[in-house]
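Presented below is the structure to which this report refers.
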Amino acid sequence: MPQDIVVIGAGVVGISIAAELARNGHKVRVLDRKGVAAETSQGNAGAFAFTDVMPLAAPGIMRKAPKWLLDPLGPLSIPPRYALQIAPWMLRFWRASWQDRHDASVAAQSALMDLSKAALERQIAATDGESLIQRDGQLQLYEGEAQFRDSLPGWELRGRYGIRYELLRSPEEIAEIQPGLHPRFTHAGFTPDWINTTDPKAWTEHLARAFVAAGGEILSSTVRSIVQDGERVELLCEDGSLTCDKVVVAAGAWSHHLARTLGDRIPLETERGYNTTLPAGAFDVRTHLTFGAHGFVVSRINGGVRVGGAVELGGLKLPPNYKRADVLLQKAARFLPGLKTTGGVRWMGFRPSIPDTLPVIGQSPKAANVIYAFGHGHLGLTQSAATAELVRDVVAGGSCAIPLHPYRVDRF
């Protein structure tokens, strides 16, 4: 039965959900304070990272964390003035790194990734979006035999979940896939099924056009709170209020504030990611490059080069520290000796992060007509199509392609 549904959030997750619901006959409106892909969805690395099943909260992570946290420009940092505020989240992060929780997270992430890969292909076909897709694989790069050996258990675990990969053991083998890398990178893992979009902003806008063509509506509005009103839901906005049958909260790093207005307390923090986008001709990037030990990636965006990554757990209010973007670009110039670093544009975005790296997907325990779909961390683009299909099935009241128990709202 068609329903009147409001999706809060016009990033790639929200737009994907809205488009899927509209294709299934529902009347759907999207509310966003800034517009389509105006926040994190416009500036990410453009990767559909289906092989990225390992959570940040891995066994032993807390032994490494103090060293990283002492470096304000390192791959993982917490600004000192934010440390006390984030302490409860860090305690849950530490618990998520225990072997039992870690293994459960890998299994749940792998299931969601399998669905995401298939769902993306359905989304591409449904929206005629192949021209915005790059199917060039990914190289995960290592400096020396010891670093490579440390990575092998992770590759073996990926293999157990059906992820295809090839291990490369010399700079010459690496150069056959990506020439121009510094010879310090002696080993690599290549995942051929990795996919990128040519431009994450253009991809989200493409999906938004498909949504509007299916009868959807995108409105500019800031939602302040959500109220269950009998069989309906009322949204209190800056410019008034509206009611609907169901609400989907897909507002990224701002979602937990809306959940709290219903009484749901969800441990979401903000990974502030930085990047620099260089113009066309900066470097001949032939595959997505991941420098895991240094916490950043290099990808091809519209013929140019995007250098970005790192994790700064700093919330939504602190001013950006663009020195982090500069450090990543300087490293990229060392690792890719031919990289032209002039003419770049720096950017910072907010990734919504849950301690166990799994998103929140499912109905609110406080209001059955409110569905949550957020907390994907740096995997929002990757898991957007699958999240849309899962939300579609929750709205329909039917069974989902995968069990939603691992992603439930009240798991903490």
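It should be emphasised that the depicted structure is a prediction, and the values quoted were computed from it without experimental measurement.
With Thr270 contributing its side chain and Phe350 its backbone, the two residues share no donor-acceptor pair below 3.5 Å. In this structure a side-chain-to-backbone donor-acceptor pair under 3.5 Å is missing from Ser255 to Val249. Between the side chain of Ser299 and the main chain of Ala45, a donor-acceptor pair closer than 3.5 Å is present. Judged purely by atom type and a 3.5 angstrom limit, Ser384 has no side-chain atom pairing as donor or acceptor with the backbone of Ser16. Using modelled atom types, no side-chain atom of Tyr407 and backbone atom of Ala373 make a donor-acceptor pair closer than 3.5 Å. When atom types are taken as modelled, the side chain of Asp199 and the backbone of Lys201 share a donor-acceptor pair closer than 3.5 angstrom. Judged by distance alone, with hydrogens and angles left aside, the side-chain atoms of Tyr142 form no donor-acceptor pair with the main-chain N or O of Ser151 at under 3.5 Å.
Side-chain atoms of His26 and Asp4 include no donor-acceptor pair closer than 3.5 Å. Remark: the Asp264 side chain and the Ser364 side chain contain an N/O donor-acceptor pair separated by less than 3.5 Å. Using a 3.5 Å distance cut-off with no hydrogens or angles, the side chains of Gln383 and Gln109 do pair a donor with an acceptor. Between the side chains of Gln147 and His187, no donor-acceptor pair is found at a separation under 3.5 Å. Side chain to side chain, Gln123 and Glu121 fail the donor-acceptor criterion of an N or O pair below 3.5 Å. Gln138 and Thr191 share a side-chain donor-acceptor pair at under 3.5 Å. Side chains of Ser77 and Arg324: a donor-acceptor N/O pair is present below 3.5 angstrom, by distance only. Using modelled atom types, one finds no donor on one side chain facing an acceptor on the other under 3.5 Å when comparing Asp326 with Gln330. For Arg306 and Thr277, the side-chain atoms include at least one donor-acceptor pair closer than 3.5 Å.
Note: Ile17 CD1 to Leu207 CG = 12.0 Å, rounded to the nearest 0.5 Å. If you take OG on Ser110 and CG on Leu157, they are separated by 7.0 Å, rounding to the nearest 0.5 Å. In this structure, Leu336 CG and Leu329 CG are separated by 10.0 Å, a value rounded to the nearest 0.5 Å. Phe148 contributes atom CZ, which lies 14.5 Å from atom CZ of Phe185 (distance to the nearest 0.5 angstrom). The OG1 atom of Thr382 sits 6.0 Å away from the CZ atom of Phe50 when rounded to the nearest 0.5 Å. If you take CZ on Arg272 and OG on Ser353, they are separated by 13.5 Å, rounding to the nearest 0.5 Å.
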Glu269/Arg92 under salt bridge (Lys or Arg N to Asp or Glu O under 4.0 Å): CA gap, chis, key distance, verdict
CA-CA 11 Å; Glu269 261 303 333; Arg92 291 187 173 97; over 6 Å; no

Residues Ile266, Ile354; criterion side-chain contact (heavy atoms from CB on, under 4.5 Å); working and verdict:
CA-CA 8 Å; Ile266 300 170; Ile354 304 292; 4.1 Å; yes

Let's go through Ser97 and His102 carefully: what are the C-alpha distance in whole Å and the side-chain angles of both, what is the deciding distance for side-chain hydrogen bond (donor to acceptor under 3.5 Å, both in side chains) to 0.1 Å, and is it a yes or a no?
CA-CA 5 Å; Ser97 73; His102 171 266; over 6 Å; no

Working for ring pair (Phe, Tyr, Trp, His ring centres under 6.0 Å), residues Phe374 and Trp254
CA-CA 9 Å; Phe374 58 83; Trp254 291 265; over 10 Å; no

Check step by step if salt bridge (Lys or Arg N to Asp or Glu O under 4.0 Å) holds for Glu217 and Arg29.
CA-CA 5 Å; Glu217 187 178 11; Arg29 288 167 286 176; 5.2 Å; no

Check the pair Glu20, Arg122 against salt bridge (Lys or Arg N to Asp or Glu O under 4.0 Å), reporting the backbone distance first and the verdict last.
CA-CA 11 Å; Glu20 185 66 25; Arg122 289 189 284 270; over 6 Å; no

Using the ring pair (Phe, Tyr, Trp, His ring centres under 6.0 Å) rule, take Phe190 and Tyr165 through it: C-alpha gap first, then chi angles, then the decisive distance, then the call.
CA-CA 5 Å; Phe190 182 63; Tyr165 65 88; over 10 Å; no

Quick one, Val7 with Leu31, criterion side-chain contact (heavy atoms from CB on, under 4.5 Å). Give me CA distance, side-chain angles, the key distance, then yes/no.
CA-CA 6 Å; Val7 177; Leu31 302 184; over 6 Å; no

Audit row: Ser41, Leu381, side-chain contact (heavy atoms from CB on, under 4.5 Å) steps and yes/no
CA-CA 7 Å; Ser41 291; Leu381 175 64; over 6 Å; no

Show the numbers, then the answer: is there a side-chain contact (heavy atoms from CB on, under 4.5 Å) between Leu235 and Ile8?
CA-CA 10 Å; Leu235 299 179; Ile8 304 173; 4.1 Å; yes

Apply salt bridge (Lys or Arg N to Asp or Glu O under 4.0 Å) to Asp356 and Arg95, showing your working.
CA-CA 9 Å; Asp356 60 5; Arg95 179 63 183 95; over 6 Å; no

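By the 4.5 Å heavy-atom criterion applied to side chains, Pro183 and Thr186 are not counted as neighbours. Between Leu112 and Ser116 the shortest side-chain heavy-atom distance falls below 4.5 Å. Counting heavy atoms from C-beta outward, Val247 and Ile5 have side chains that stay 4.5 Å or more apart.
More than 12 heavy atoms of other shown residues, nucleotides or ligands fall within 6.0 angstrom of atom NZ in Lys331. The number of heavy-atom neighbours closer than 6.0 Å to CZ of Arg265, taken from other residues, nucleotides and ligands shown, is 12 or below. By the 6.0 Å contact criterion, CG on Asp128 is open, its count of non-hydrogen atoms from other residues, nucleotides or ligands being 12 or less.
A salt bridge does not link Glu156 to Arg160: none of the charged nitrogens lies less than 4.0 Å from a carboxylate oxygen. Salt bridge present: Asp410 and Arg408 bring a charged side-chain N and a carboxylate O closer than 4.0 Å. A salt bridge links Arg286 to Asp284: one of the charged nitrogens lies within less than 4.0 Å of a carboxylate oxygen.
Here the closest heavy-atom approach between residue Leu132 and residue Thr197 is recorded as O-OG1, 2.9 Å. When all heavy atoms of Trp203 and Thr127 are compared, the closest pair comes out as CH2-OG1, 4.2 Å. Closest approach of Asn369 to Gln228, counting heavy atoms only: ND2-NE2, 3.6 Å. Closest heavy-atom contact between Arg33 and Ser220: O-OG, 3.8 Å. Nearest approach of Asp32 to Ala10, heavy atoms of both residues: OD2-N, 2.8 Å. Contact between Lys366 and Gly263 at its shortest, heavy atoms only, is CE-O, 3.4 Å.
Ring geometry for His294 versus Phe296: interplanar angle over 60°, hence perpendicular rather than tilted (30 to 60°).
Just one of Thr287, Asp136, Asn196 meets the side chain to side chain donor-acceptor pair (under 3.5 Å) condition when paired with Arg300; it is Asp136.
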